[in-house]
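The next block holds one structure in the form of structure tokens; read it before the comments.
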Amino acid sequence: MIAAVFDTETTGLTLPSTAPLEKQPKVIELGIALVEGGKIIGEGNWLINPGELVSAEITKITGITNDQLEGQPAFRDVWNGEAQYMLRNAGCVVAHNLPFDKALIDYECMRLTGEPFGCGWPAIQICSVQEFVHLFGHRPKLTELYKHFTGKELAQTHRALDDVKALVEALVSSELLTAIEMEQ
């Protein structure tokens with residue numbers, strides 16, 4: 001079974017679901033790795049022009065500047081290409097903070113079509129924060145999860161594909177992906 005491990009970088013944090021769609025944050029970077037048998041077999045990483053300026057705070061967190069986003073494709077162009085295909089055709093999706101990352105993709109899809117990605121999501125969905133909360137007694141940061149399972153420090157960049165690759169390494173070390181594949 002192929003797992004799609006993904007992450008988004010955004011213009012901000014999500015607002016309550018009752019907030020108007022135009023006020024919800026936008027995706028500025030999407031990273032996806034397709035994993036099978038504990039190995040990355042495909043990957044994609046896209047900078048996305050959100051159609052608005054990113055704040056200095058977001059640039060400080062991610063390192064992504066407005067200059068870097070200028071001239072990049074809109075979400076529609078990335079989504080209608082390889083990104084949607086990678087997520088839709090995986091047997092499972094994994095993200096460190098899955099509810100957040102799924103919400104961002106759903107908001108972007110709603111802006112495009114009026115509908116969330118919804119039924120396009122694979123049935124098996126794993127949030128690594130929730131999956132390992134019992135080991136930590138709290139919601140672990142990616143850096144904690146990475147160190148726990150790999151024994152190495154993670155210099156987190158808050159860049160989508162970097163975080164995806166770190167999560168894949170932690171999940172392979174934890175044997176979680178192997179366990180999911182064996183269940184199928």
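Since this is a predicted model, take the numbers as computed values, not measurements.
Around CZ of R88, the count of heavy atoms belonging to other residues, nucleotides or ligands within 6.0 Å exceeds 12. No more than 12 heavy-atom neighbours from other residues, nucleotides or ligands sit within 6.0 angstrom of CG on L13. Counting heavy atoms of neighbouring residues, nucleotides and ligands inside a 6.0 Å radius, atom CD of E22 exceeds 12 of them. Counted within 6.0 Å of CD on Q156, heavy atoms from surrounding residues, nucleotides or ligands total more than 12; the atom is thus considered enclosed.
Residues passing the side chain to side chain donor-acceptor pair (under 3.5 Å) test with Q72: none are found, sequence neighbours excluded. Under the rule for a side chain to side chain donor-acceptor pair (under 3.5 Å), K39 has no partner lying at least two apart in sequence or in another chain. In this view, E115 satisfies the side chain to side chain donor-acceptor pair (under 3.5 Å) rule with no residue, not counting sequence neighbours. Under the side-chain contact (heavy atoms from CB on, under 4.5 Å) criterion, K147 pairs with E153, not counting sequence neighbours.
Defined by atom type and a distance below 3.5 Å, a donor-acceptor pair is present between the side-chain atoms of K102 and Q125.
N49 places no side-chain N or O within 3.5 Å of a backbone atom of A74 that could act as its donor or acceptor partner. Although no hydrogens or angles enter the test, the distance criterion places a donor-acceptor pair under 3.5 Å between the side chain of E108 and the main chain of V27. Side chain of Q24 to main chain of L104: no donor-acceptor pair is present (N/O by atom type, distance under 3.5 Å, no hydrogens or angles). Put simply, the side chain of T143 never gets that close to the backbone of L154: no donor and acceptor are under 3.5 Å apart. Remark: side-chain polar atoms of E29 are paired, donor with acceptor, to backbone N or O of A160 under 3.5 angstrom.
With values rounded to the nearest 0.5 angstrom, E43 atom CD is found 10.0 Å from E82 atom CD. Summarising the geometry, atom CG belonging to D163 is positioned 5.5 Å from atom CG belonging to L142; distances are rounded to the nearest 0.5 Å. Atom CD1 of I40 sits about 9.0 Å away from atom CD of E169, to the nearest 0.5 Å. In this structure, the separation between OG1 on T150 and CG on L171 is 11.5 Å, given to the nearest 0.5 Å. Atom CD of E144 is separated from atom CG of L135 by 11.0 Å, given to the nearest 0.5 angstrom. Distance CD1/I41 to CD1/I2: 4.0 Å, rounded to 0.5 Å.
Using a 4.5 Å cut-off on side-chain heavy atoms (C-beta onward), I126 and L98 make no contact. By the 4.5 Å heavy-atom criterion applied to side chains, L145 and L167 are counted as neighbours. At a threshold of 4.5 Å between non-hydrogen side-chain atoms, the residues I32 and V164 do not count as touching. Looking at heavy atoms from C-beta onward, L47 lies in side-chain contact with R159 at the 4.5 angstrom threshold. At least one side-chain heavy atom of R139 sits under 4.5 Å from a side-chain heavy atom of N97. Side-chain atoms of V94 and E131, non-hydrogen and from C-beta on, never get closer than 4.5 Å to each other.
A side chain to side chain contact (heavy atoms under 4.5 Å, CB included) with I48 is found for exactly one of I64, T8, V78, namely V78. Across T65, N66, T59, L69, a single residue satisfies side chain to side chain contact (heavy atoms under 4.5 Å, CB included) together with L53, and that is N66.
Contact detail for A4 and M86: the closest heavy-atom pair is CB-O, 4.0 Å. Across P99 and C127, no two heavy atoms sit closer than the pair CD-SG, 3.8 Å. Across all their heavy atoms, A3 and A90 have their closest contact at C-CB, 4.3 Å. The two atoms that bring A170 and Y146 nearest to each other are CB-CA, 4.0 Å, heavy atoms only.
One hydrophobic cluster, built from ILVMFWY side chains closer than 4.5 Å, holds both V168 and I124. If you chain together hydrophobic residues whose side chains sit under 4.5 Å apart, M1 and L176 fall into the same group. Cluster annotation: W121 and L30 are assigned to the same hydrophobic cluster (Ile/Leu/Val/Met/Phe/Trp/Tyr, side-chain heavy-atom contacts under 4.5 Å, transitive).
Sequence neighbours left out, not one pair with a member in residues 84-110 passes ring-ring contact (aromatic ring centres under 6.0 Å, His included). Sorted by first then second residue, the ring-ring contact (aromatic ring centres under 6.0 Å, His included) pairs that include residues 54-75, not counting sequence neighbours, are F75-W79.
Residues F132 and H148 keep their aromatic ring centres 6.0 Å or farther apart.
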Passes side chain to side chain contact (heavy atoms under 4.5 Å, CB included), W46 versus L161? Steps please.
CA-CA 9 Å; W46 303 270; L161 194 58; over 6 Å; no
